[in-house]
Each structure stands twice: as structure tokens, then as C-alpha cells.
Amino acid sequence: MLDKTFDAKTVENDLYRQWEESGVFAANPEGNATPYTIMMPPPNVTGSLHMGHALTFTLQDVLIRYHRMRGRDALWQPGSDHAGIATQMVVERQLEAQGVTRHDLGRAGFIDKVWEWKAQSGGTIQRQLRALGASADWPRERFTMDDGLSAAVRRIFVMLHRDGLIYRDRRLVNWDPKLHTAISDLEVEQRETTGKMWYMRYPLAEDPSRFLVVGTTRPETMLGDTAVAVHPEDERYADLIGKTVRLPIVGREIPIVADDYADPEKGSGAVKITPAHDFNDFEVGRRNGLRLINIFDLNAALRGGPMELYVFTPEGHTEPLTDAAGTPLTETLPEAYQGLDRFAARDKVIAEIEAAGLLEKIDDNPMTVPYGDRSGVVIEPWLTEQWFVDAKELAKEPIKAVEEGRTRFVPTHWENTFFEWMRNIQPWCISRQIWWGHQVPAWFGPDGTAFVEESEEEALAAAETHYGKAVELVRDPDVLDTWFSSALWPFSTLGWPEQTPDLARYYPGDVLVTGFDIIFFWVARMMMFGHYAMGDVPFRDVYIHALVRDAKGQKMSKSKGNVIDPLDLIDQFGTDALRFTLAALAAQGRDIKMSEGRVQGSRNFATKLWNAARFCEMNDCRPADGFDPAAVKLTLNRWIIAKADAAAGKVAEGLDAYRFNDAAGAAYAFTWNTFCDWFVEFAKPLLSGEDAAARAETQATAAWVLGRILVLLHPFMPYVTEHLWQALTQGQGGQLIAARWPDSGALAAPEAEAEMDWVVELISTIRSVRSEMNVPPGGRLPLLVKDAGADTRQRLETHGALIERLARLESIALVDDAETKGAAQMVLGEATLLLPLAGVIDIDQEKARLGRDIAAQEKEMAKLDKKLGNPGFLAKAPPEVVAEQRERLDEATQTRDRLSAALARLEA
RNA sequence: GGGCGCGUAGCUCAGCGGGAGAGCACUCGCUUCACACGCGAGGGGUCGCUGGUUCAAUCCCAGCCGCGCCCA
């Protein structure tokens, strides 16, 4: 016997272990079934489960469980990524607590520490995923730093390099002065602030009494200015183009150039150009052949010693500027500035400019400032040599694939975001100046020539060929962006570069499920590398889900203190409740506002289901051997079977279209509002009645429908459904997770449906009037039915017992002409229902009620009359629509007439 | 400034060319033999505003107002 409520805590762990140990999560590469593949977006190894994870992994698990039940060979590939910067920071912080730096340990020693840390703390999220019920193929779990995946990184790096799609270049990168590494554009957060615009006067070299006023938000960079730009059509400055100004403080003579970048409307119309410290200025420098001077060191402090000068090559790259003898040319900053932090330098520059009378004015200026998303410090555009991926070239195939629908975004509007980014993509800086990650497979010879190979041996061999003798090589110390290895995930996890059977079978995946925030970081890059390495899309569909927010719609964040921990919700309401809530709220294109109340509602639903099962158990509703749902006799049973069949169709339709909310809603509505609210109540008289055949059929039907419900709800609520399945079949039904999802559509029964819908309406009508007339809930009344047609008579005959029970009637009688004095009257179809309420009924109240009903019908009639009186409507609307409106008018008219007759009788 | 999305019942949201829906909240009633994490009955909406297309607009189009996100 089942307990009174479902206690999630007592069953979840055991059931999960049972599933996992039975091997049902595993893909079956040897089988004949068509694969269904989802590559789990690998969570960060330092991560722990937050609400966003809970959503994304719930939806993936729903899909995986659904398709597994449909008979597909489901592969859900789990794993995690090594999160280069984040992990290195975590481990460094730990070391710091012991007073040790990574430099004390050395590179190899530090990396050992990271692996130690991973062994201890790296499995957190995998445990939490299990708590969430995630049915991933755990023995296949991969980590981006695994040997195989690392080999894949080296292989594709070498391939891309040979194809010229990876190259080394000296250009501006986003430099994080705290972490001492380059980061990609995507790792830079643009924050809105109100800064200042300082206007400085630069004296003309040939006439120091004349000035050019330049505006800047970063005065300290003036130390690296190599030009001033004005707009070519700006008449104010036309005569100055080609002349030079003398840079204050430094004394450098720099040209005045004409470039569209200078906006005549903005400030003075003249703009200082610092090509080594601003992305826009870099482009101006390239167009105008300007010099570059890198004035900052890796801490973004002003440099001490001599600073090299660079120039642009005709190809747009940069190279050191040398004298005729090939000796690099340098400059040195004024001594007072050397070693100053960038912000201290700013103050000093302004003070000195002001003291020299060269400060024109200072304005407030709304602007965006770049911050490192990991370090939180202001990012410095910095001139340095890095490895880049030619993203523009690699983007071509993915763009085509989306244009041609070979990869489909759901909802489709994310295509725009994807196209927008992919068509304007910049070179991707992939090298990082940290230790934890895949070290760049490049070795440098004595003259700086790079040998890019998969191993040191190959590099040495290549170098020997190149130099004609064996030489010593130094490996590039940098590592690759974590996303570089994550981009290989859809095929590296399947064994690539080996041509494994798994790779042939499970690539490409069916769907990638993720949030929009990593479309660029990850989705786009998987598509680039997938096409490059595999010649095909990495997945057919990309389902982009919403962000989970708090109940007020605010983004959850630790600093706001509004984070809801999914594990707390699981603890309070059970995993099924959390999962069902997330799925039911996952409507396309709208963010999810999570609140405890919603989860509580889902918990209540689980309890409702539990109690329905308990009812079945108490009434000996057990699955019958050889039960054929198409062969049942009783209308009631044919009706609920048809409804269950339709519900299965709706759930499947929802899931097939990634409409999780529709799917969850359909299962919920059928379970609660059809099965529990009506069928169970209808079944009661039969289950306790004398007719053994009817009882047996109803028991078997109830068990069958409950089984269907468990199947339909299993993807959403795996624990309670599995537990009930095994309890109700007493272990004879196997595991629900491995049960077959039903085909639907073959069990429709329109006549049974019409009949039972009529019964429902009859009971509802009587209940409504009882309530309105304040009939005591326990009081049983006789029901008189006037003008009943053949169908009505037959239906009353068939369902009399349950109508009496649910409408609380003492009897049902057919009458020709009834004593209506003191009776409440209702119209249902052709028949009029009378509830004699002599002594109870307030005649005036009843008249008013009938009057309201009549008015409502007449309002409807007026609306339909108007529509049907419109010649345009009759001429242009589809005939079936016109017919439907006519029918509705007829119905309303007849109902109105019967209500009027009832009113007349009351007044007689 | 560019792009995307959203304004429907008190709240959170479905619906998206032909009868305004759900959950929660609210009101009233209920020890009805599965369930008070429940049962029954209700109240509540010029479907942001203004135009247009259409026989017909909450739904399609345009503009406006308000809100959010992304990018510059």
C-alpha cells in the first residue's frame, strides 16, 4: 500500500542508482536503432549547479528520455571543460593561502597541483547532475584536458596552421593587466560609465602659437601618440594636413593626417591617434602608415627602458622599425613617468598639461569601458604577438549551413544574432599567457622560426630539415583559449581524429541545447570546427532556451543576493517538482521567472498523481494481461482511452517542436483535469458496483491509462513516475525509463467523447445551479428532465448512477410537463432540466438568474446576426466558417427560447 | 546609434486571423469512502496607444509610448 504522500527524498537516490547500474543510460552503438545524440555543453570544471544549469540539463534530459522511450539509440555525452583562466585562478588562490605562488612551484609543479585539485573538487557538478536525474552516458564522460581530446587539439591546430587558418601576428589584443594574458573579444565586458573628455592643445611644430585641440578620454595615452587626425573635408583644418604638431611633455613631432575616422561634429573635430593603444587608432595607423609605440608594460604601467617602434607592412601587419643597419629604433619616456601606473600617469599628464596652459576644458562624457570578465580590471588594448584563427574564413560554411537550413535555430530569430556576428567576425585570438590548458604545439628555432607540429619529435625533425642541421627548439609557453578545445567537443569526444565507429554513428548530433549567452563563445565555434574537421554540421538543431530570472524578473546574481539554489528547491520539493516547473515555464522566446510558489505547485501535482495511483491501487486496478485498449466496451472507458491517446499525441507534438511548456501542460491537464477530476469520479460507482464485467473492464482501463500517464510524465518527472510504475506492476513491468512511448491517434472515439462531454456538462450545470441557489452540499435533490430526445434518454439511462452521485441527486425522472413552481430550470441541448426546490428557492433570485442567462444568449445572437447579415462575410468567408456561425446562432436561439419558456413557466 | 524581444485577468504567463485561456492569488461553500500538497462553485480582462490591410484583427502591417536584452 502506498503512503499518503510521495516522499521524494526516500526514493530518488535509490532509483538513480538502479538506473545507472542497469546501464540504461548508455548508448548502444551495436544496435540497429537510429541514434539520437545530444552533446552536453560541458560545464566548467570549477562550476557548481546553478539555476541555469538546472534548466538546460532538465530540458536535455527530457529530450533524451523521450527519444530513448521512442526507441532511439540515445547518446547524451557528458563531460566538463578545463576552464583555463578560472581554474588557474582557483588553484592560485588556494596556493596563496599557503603563501605560495605558482612561480615558486614552476610550471610542471603547478600543473600537478591543478590536477590534484581537480581530483578532489572537480566532480561537484557531475554529482549534482545526478541529483537532477540527468540520464547521461557517464562511462563516456570526457574532460577537455584528457589525452584524447588534447591530441585532437594538437591535430586541428596543425591542420589549421598548414591551411593558413591559424597564424601568428603582432596586433592589438585585449590585455588583462591583472591576469597577464590576452583574452578574446568575448571575454571583455563593456560597462557603461560616465567618464571625462579632456581637451588638450597640441602646438603646431612650425608655429607654437597655433594649436590643434584634441579631445580624449584617456589622456595618458598621449605619450604614445604618433599622429593627429582631422576629417579630409573639414575646411577648418584643410591647410594643416601634412604639417606636424609638437607633442607636449614628450616633444615628439607627429604628423597631422586626414582620415574619415575624425568626426567633424565631435569635439574640436581633431583627434589624437595612438595606434598601439586603441583599436580604432590602430586602423587609422594602418591606413596612414603611422608608427606604433607600445608605452605600457604587462601591468599597464608606463615602461622604463627603451621602447621599440613598429611600422605597418604593406600587408597590414606590423614589424619593428630599424635603421639602415637593421638595428631597432627606440624611444624612451620622460623619466618622471617611467613605472607609473596608467591611472597615476593620467593624473600626472593632466596636471602637467594644465600647468603648461594647454588644457582647454573638461567635459563629462558617457562612455563604455572594457573590463575583463574574470579579473574585473580595465582591459588594455596592447600590441603583442599572439596566435590567431582566421574566423572569417571558417565562418563561411556555418553561415551557409544556417542559410540553407542544414542547421536550424529554434526559435528562428536567433539566426539573426548568429548571422550578425558571423558576418562581422574578427580574428580570434587563441593564445593565453597562462599555464593551465593546452600548450600551443609550436616550437621556435634560434632565429624565431616557428615549427608547428603535433609533437616535439616532429618539430625537431622539421627544424633539422629547415636548418640543414639539428638545432635546439624552445616551445611556445602559451596555452590555447579553453573554447578552442570546447569547439571540438562534438567530435573529439567521439574519438576524432581517429575515424572511430562512434564518430561515424553519432556525428552530427541531433540538437544542441543551450542559452543564448554562448552562441558566440561556443555554438558558432563548434560549427566552424565541425565543418572544417568533419565536413558537416555538428548538429541539426540548436535550441536556444531562456534565462532563468528571479520572481521579479531580475537576473540572478550573487551580488544582488537573489540567487535561488536549485539544490535547495530539490531538497524542499523534490527533483521532479523542480524539473516539471522548469519545463512548464520553458516557453520559447521568453525568460523564466522562477519562484518557490511555482515549484510548490508542481510538487502538489506530483502528489496528485501519487494519490491517483493510490486510488487505483486501492481499487485493484492492475494492468490486465492481454488488455486491448481498442476492444473495451463501456463508453466511459472508450472515452478515457481516447483522451489518453490524444494527450500522448499532444505531449509528443510539443516535444518534437521543442515546445516544452505545451508538452508539460498537456500532460498536466490530462492527468489532473480529465483523469483525476472526471474519470476517477465516474469510475467509482462501477468499481464498487455489482456488475463484475464492467468492474473488471474499468479496473483494467484505469490501470492502462495510469500507465500511459506515467509514460507521458516520465521525461519530466522521472522519479515519481518510475517509483509508481515499479510499485504498481510489482516489478513485473520492468523499468519505466526503458518503456516504449506509445504511438498515438489510433484510439479516437468521437461518439464516446461527445457522450461523456455531455455528461460532464450536465453535472457541471447542476452543480453550478446548486451552488448559486445555496443548496446545502449534502442535500440530495430529484432531477426532472423535460423534452428529452432519444440520445438524452439513452445517456441518462447509461450514466444515471454516476450522474446521481456526482450531481448529488436522489433520483432522475423523465417528465412531459412538469410542475415548475419553485423549480430551478436549466437548458442543456434540447432538454430542460428542473430541480424542484420548493421552499428553498427564492423565486425572484431564480427569475434574475434566468434573465441573466437569456441576456447572455441574446448578446451572442446579436453578434452572430450582425456577422451573418454582412454580405461581405457571406461572400468571402470560407463556407465552413459561415456554416459554423449559423449553427452557433441556431443553438443560441434555441437555448434562449427554452430559457424564455422556463422563465414564462415560473411567472405563470 | 543598430539589432532582437516583450507589453493579454491582481501576479506570472500561454494563445497569435473567425466563440478571451492556464497556474498562482482572491471570494464563497465543503471531515463527498485517492488526495486539505485536496474537492466544488465563483468574481475578475476597452488583449499598451493610434492608424492601416481584411468580410472579419488580441493575432498581420506601420507609427507611437513603455520595458528588457545584445551589439556599437
Side-chain angles (χ1 to χ4, degrees), chain A residues 1-6 185-186 190 279-280 368 411 413-417 419-421 424 516-517 519-520 546-547 549 551-555 573-574 577 581 584-585 587-619 621 659 661-662 664-665 668-669 672-673 676-677 680-681 683-684 687-688 702 706 763-778 780 805-808 860 863-864 866-878 880-882 884-885 887-889 891-892:
Chain A
M1 176 71 183
L2 294 168
D3 295 338
K4 201 166 172 183
T5 55
F6 171 60
D185 296 349
L186 291 171
Q190 302 291 341
F279 289 101
N280 290 312
T368 57
H413 67 253
W414 288 109
E415 279 179 5
N416 299 332
T417 308
F419 285 138
E420 181 62 26
W421 191 66
N424 298 296
F516 62 84
D517 45 340
I519 289 183
F520 309 136
L547 215 65
R549 299 170 175 279
K552 291 184 208 123
Q554 302 236 335
K555 209 164 167 174
F573 301 109
T581 305
L585 292 177
Q588 287 181 9
R590 202 189 275 253
D591 284 345
I592 292 179
K593 292 190 181 122
M594 176 47 77
S595 73
E596 217 176 277
R598 295 299 301 235
V599 186
Q600 190 176 344
S602 300
R603 188 275 318 269
N604 294 352
F605 175 53
T607 308
K608 185 74 180 174
L609 171 66
W610 179 267
N611 278 291
R614 201 158 152 261
F615 170 85
C616 289
E617 186 189 41
M618 292 168 81
N619 287 281
C621 301
R659 301 180 67 95
N661 58 321
D662 285 351
Y668 179 101
W672 200 316
N673 306 119
C676 292
D677 285 352
V680 165
E681 298 303 329
K684 281 175 181 173
L687 292 172
S688 59
L706 178 63
I763 293 166
S764 300
T765 305
I766 295 171
R767 280 176 174 172
S768 180
V769 170
R770 286 178 62 112
S771 173
E772 205 170 337
M773 294 290 125
N774 296 313
V775 178
R780 293 193 168 262
R805 182 189 162 92
L806 296 184
R808 306 230 132 218
E860 172 81 359
K863 219 164 97 184
L864 292 164
K866 191 180 163 200
K867 209 173 207 178
L868 289 162
N870 180 348
F873 175 69
L874 296 175
K876 295 191 178 171
E880 64 274 16
V881 172
V882 177
E884 192 195 323
Q885 308 297 313
E887 208 170 298
R888 270 165 45 196
L889 178 58
E891 229 170 84

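The basis for the numbers below is simple: all heavy atoms, side chains too, and nothing from hydrogens, waters or symmetry mates. Letters A, B, ... mirror the listed sequences (proteins, then strands); counts begin at 1.
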- Query: Rounded to whole angstroms, how far apart are CZ on A:F520 and P on B:G3?
  - Reply: 16 Å

- Task: Figure out the NZ/C1' separation between A:K866 and B:C55, and round it to whole Å.
- Result: 12 Å

- Closer to the 5' end of RNA chain B via nearest nucleotide, is it A:N673 or A:E884? A:E884

- Of the candidates B:G15, B:C55, B:C4, the side chain of A:P878 sits closest to B:C55

- Go through B:C33, B:C55, B:A34 for me and flag the one nearest to the A:R805 side chain. B:C33

- Query: So A:W414 and A:F516, would you call those rings parallel, tilted or perpendicular, with 30° and 60° as cut-offs?
  - Reply: parallel

- A:R780 (side chain) donor-acceptor with A:R805 (main chain) under 3.5 angstrom: no

- Query: Are the side chain of A:N870 and the backbone N or O of A:G872 linked by a donor-acceptor pair below 3.5 Å?
  - Reply: yes

- Does A:K684 pair with A:E681 as a salt bridge, N-O distance under 4.0 Å? yes

- Are any of A:R770's side-chain N or O atoms less than 4.0 Å away from OP1 or OP2 of B:U32? no

- Message: To the nearest 0.5 Å, what is the distance between CG on A:N673 and OH on A:Y668?
- Response: 7.0 Å

Please list each protein N or O that sits under 3.5 Å from an N or O in nucleotides 35-42 of chain B, with the distance.
{"from": "B:C35", "atom 1": "O4'", "to": "A:N611", "atom 2": "OD1", "distance (Å)": "3.1"}
{"from": "B:C35", "atom 1": "O2", "to": "A:K608", "atom 2": "NZ", "distance (Å)": "2.9"}
{"from": "B:C35", "atom 1": "N3", "to": "A:K608", "atom 2": "NZ", "distance (Å)": "2.9"}
{"from": "B:A36", "atom 1": "OP1", "to": "A:K4", "atom 2": "NZ", "distance (Å)": "3.2"}
{"from": "B:C37", "atom 1": "O4'", "to": "A:N604", "atom 2": "OD1", "distance (Å)": "2.9"}
{"from": "B:C37", "atom 1": "O2", "to": "A:R603", "atom 2": "NE", "distance (Å)": "2.7"}
{"from": "B:C37", "atom 1": "O2", "to": "A:N604", "atom 2": "OD1", "distance (Å)": "3.3"}
{"from": "B:C37", "atom 1": "O2", "to": "A:T607", "atom 2": "OG1", "distance (Å)": "2.5"}
{"from": "B:G38", "atom 1": "OP1", "to": "A:N604", "atom 2": "ND2", "distance (Å)": "3.3"}
{"from": "B:G38", "atom 1": "O3'", "to": "A:K608", "atom 2": "NZ", "distance (Å)": "3.1"}
{"from": "B:C39", "atom 1": "OP1", "to": "A:K608", "atom 2": "NZ", "distance (Å)": "2.6"}
{"from": "B:C39", "atom 1": "OP1", "to": "A:W672", "atom 2": "NE1", "distance (Å)": "2.7"}
{"from": "B:A41", "atom 1": "O3'", "to": "A:S768", "atom 2": "OG", "distance (Å)": "3.4"}
{"from": "B:A41", "atom 1": "O2'", "to": "A:S771", "atom 2": "OG", "distance (Å)": "2.8"}
{"from": "B:G42", "atom 1": "OP1", "to": "A:S768", "atom 2": "OG", "distance (Å)": "2.6"}

- Message: I'd like the P distance from B:C6 over to B:C60, given in whole Å.
- Response: 9 Å

- Task: Return one dot-bracket line describing RNA chain B 5' to 3' (Watson-Crick or G-U wobble pairs, both distances under 3.5 Å; ( ) same strand, [ ] crossing, | another strand, . none).
- Result: ((((((((.[[[[.)..(..]]]].(((((.......))))).....[[[[[..)....]]]]]))))))).

